[in-house]
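Have a look at the structure below, then the notes.
Residue numbers start from 1 in every chain, and the chains themselves are labelled A, B, ... in the order their sequence lines are given, proteins ahead of strands.
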Amino acid sequence: MVHIEFTINGQKAALDIPADITALETIRSLIGLKGTKEGCGIGECGACTINVDGKAINSCLMLGARLDGTTVVTVEGLATKENLAPVQEKFMENHGVQCGFCTPGILMSAHALLAENPDPDHKEISRALSGNLCRCTGYSQIFVSVKEAAKLTDQLNQLKKVGG
Amino acid sequence: MTDIEYIRPLNLKEALSFLWEKGEDTKIIAGGTDVMVDLRSDGLDKKYLLDISRLEELKGIELNNKELSVGAGVTLSEIYSSKILKSNALALKKSAKNFASKQIRNIATIGGNVAHSSPCGDTVPALVVHDAKALVADKKGTRLVSMEEMATKAYMSCLSPRQILVKFILTPYQGGFTDFQKIGRRRELAVSRISMAVFVKKDKDGRISFLKIGLGACTPTPCKMESVEAFLTGKIPTENLIWEAGGILAGNMIKITGRRSSAIYKEPAVQGLFMRILYPVVKS
Ligand SMILES: Cc1cc2nc3c(=O)[nH]c(=O)nc-3n(C[C@H](O)[C@H](O)[C@H](O)COP(=O)(O)OP(=O)(O)OC[C@H]3O[C@@H](n4cnc5c(N)ncnc54)[C@H](O)[C@@H]3O)c2cc1C
Ligand code: FES
Ligand code: FES
């Protein structure tokens, strides 16, 4: 067993895990956050995408022990008590979600992208999401959702500046 | 089935001491993007997982005194965003562009790519072009290994279980023309079926004065293509000449691999890719 301590969605976690399990198993089975999905389990579908220290990664390819000392955000950590995150709101509004299986992963890729690049063009969105497969939407609604989320994030930031 | 132990050494010295004692029973894990896939499919017949992903000694990209060094623990994302590589090893930067996906580039390392010794490793052709040497360390010392010696056969590196790949030392190139291209079954997340990196310099008369070629995914282990480089050096690159050189390149590949069934596809494809990658040199 390995002892790990890290921050997940703003809360401290400390637990003992087997040395050979993935970050995905750690988060889903041991911590009990089931929002992050397992699709392929081998890095090809992106359903398991989480943000570790601000970067999108496939949790199925990360050793759980490596979470030690990191700051993790999963899909459960996007919304605040009052509001959905801009990506979540805009995916709903623009039909970026159909069956929803790919959605947590796509939201986390989009979230990391917008933190790094607040105004991505079509190509940049495509590159950031190329590791996320969606069998339902045909992607065009997803692109619209991400673009709209970028605009909303920008507006919210402007408001914050004015307010503060 | 978890009697595997996880070890995260604090520094390279500690890691090397551990491997000196227990290397045979240990699997090194860096980004884990190859190791985790193997772990899932076949399990792990080792006692220890040695996590080297946080070793400072394996990080960083530096240029000093005509020597460009890239740490084995540098991620593909770091390679893609490096300004030093953009101006001194553009082909390597380009090889990181369509590597797997953003999520994988964020943790996969160049050291893991080379140590895995897949013939399809995307960073390898660019490393060959830059005459890269790998600095390999064990508890007793270090040695330099060329890219051609690095893999003994497909998926088998020359590293002993006591060794760690520390960094790559590249010859930096400025100016000239350089590119990396790969052909896969699809654009994203595609395993390269053929990849190629080149660096070309022309003199003031338009003759090729310096040329380096790295061919990937076509031969079991990386090899130099010196006969093709020699054939083109000193000549003015015309369409016909590049086509002819592409033929020699494809011929060299067949000499190494033997005429397998995939040759029907690969032989003309290598020639075609060589033409495509060097076409800008013909026109300019
Ligand atoms: C979905 C998917 C897509 C992929 N696409 C591509 C692609 O487009 N192009 C491509 O080239 N590869 C691709 N790969 C393969 C893989 O991502 C790369 O080979 C990657 O660079 C491996 O690096 P890593 O740090 O994750 O290695 P790890 O998995 O940590 O290690 C790989 C091997 O190298 C050894 N090792 C690692 N670092 C060292 C070191 N410093 N010293 C000694 N031994 C070491 C390990 O013991 C292991 O045997 C893909 C993989 C997946 C799952
Ligand atoms: S479950 Fe991780 S990429 Fe598919
Ligand atoms: S909404 Fe069903 S897979 Fe994307």
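Taking CG of A:Asn58 as the reference point, atom CD1 of B:Ile107 lies at 7.0 Å (rounded to 0.5 Å). Taken to the nearest 0.5 Å, the CG atom of A:Asn51 stands 9.5 Å off from the CG atom of B:Asn106. One finds the OG atom of B:Ser53 at 9.0 Å from the CG atom of A:Leu63 (value rounded to the nearest 0.5 Å). Note that CD1 of B:Ile104 is 7.5 Å distant from CD of A:Glu44, once rounded to the nearest 0.5 Å. Here the CG-OH distance, from A:Asp68 to B:Tyr6, works out to 7.0 Å after rounding to the nearest 0.5 Å. Separating the CG atom in A:Asp20 from the CD atom in B:Glu5 is a distance of 12.0 Å, to the nearest 0.5 Å.
Considering all non-hydrogen atoms of both residues, A:Ser130 and B:Ala100 come closest at OG-O, 4.4 Å. Among all heavy-atom pairs drawn from A:Arg66 and B:Ala30, the shortest one is NH1-O, 3.0 Å.
With a 4.5 angstrom heavy-atom cutoff, A:Ala65 touches chain B via backbone and side-chain atoms both. For A:Cys40, the part lying near chain B is the backbone, with the side chain staying farther off; criterion is any non-hydrogen pair under 4.5 Å. Contacts of A:Thr22 with chain B are made by both backbone and side-chain atoms, with heavy-atom separations under 4.5 Å.
Within 6.0 Å of NE2 in A:His3 there are more than 12 heavy atoms belonging to other residues, nucleotides or ligands. Enclosure of atom NZ in A:Lys34 by more than 12 non-hydrogen atoms of other residues, nucleotides or ligands within 6.0 angstrom is indicated. Within a 6.0 Å sphere centred on CD of B:Glu24, other residues, nucleotides and ligands contribute 12 heavy atoms or fewer. Atom CD of A:Gln158 has more than 12 neighbouring heavy atoms from other residues, nucleotides or ligands inside a 6.0 Å radius.
The closest donor-acceptor contact from the side chain of B:Arg40 to the backbone of A:Leu61 lies at 3.5 Å or more, if one exists at all.
Between B:Lys102 and the options A:Lys55, A:Arg127, A:Glu116, a side-chain contact (heavy atoms from CB on, under 4.5 Å) holds for only A:Glu116.
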